[in-house]
Structures are given as structure tokens and as C-alpha cells.
Amino acid sequence: MDDISTTIQEVPYIKRTIDGRTYTVKIHFNTETKETAKDKVKRLLTRELQSQRHTG
């Protein structure tokens, strides 16, 4: 039998109940990224504004 070591990592999550149903959303982060959360939000908002300008 192979010697396999495993580790259990806690994954952060958000749990919300909406209209009687409970939703659990796991949050994953790329530890190799160079982009900060602030940079990503700024990029997403800029893209959304550009999209709205093109659709009128």
C-alpha cells in the first residue's frame, strides 16, 4: 500500500438563508495571483460600465 498523506484544509464559506432555503457558497482564492481583491473589483466594475455604454 502506498504511503499517502492528506491534509484537511478549512475552506471559507458564506451561508445565507433566502426564502427558507439555505445556500452555502465556498470561497476559493488563487494564492499565485498578482491581482489584489481591490484590483479585481475595480476591473470588474470598469468592464461592467463599458458593457453598459455599448448596450445603451
Q. Which is it for T22 and R16 under the side chain to side chain contact (heavy atoms under 4.5 Å, CB included) test, yes or no, and what are the steps along the way?
A. CA-CA 6 Å; T22 300; R16 295 284 187 265; over 6 Å; no
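- Judged by distance alone, with hydrogens and angles left aside, the side-chain atoms of S51 form no donor-acceptor pair with the main-chain N or O of R47 at under 3.5 Å.
- Here T17 contributes atom OG1 and Y23 contributes atom OH; the two are 9.5 Å apart, rounded to the nearest 0.5 Å.
- Across all non-hydrogen atoms, the minimal contact from D39 to E35 is CB-CG, 3.5 Å.
- One finds the CG atom of N30 at 8.5 Å from the NZ atom of K40 (value rounded to the nearest 0.5 Å).
- Listed by chain and residue number, nothing satisfies the salt bridge (charged side-chain N to carboxylate O under 4.0 Å, His left out) test with E48 (two or more places apart in sequence, or in another chain).
- Between I27 and V11, every side-chain heavy-atom pair lies at or beyond the 4.5 Å cut-off.
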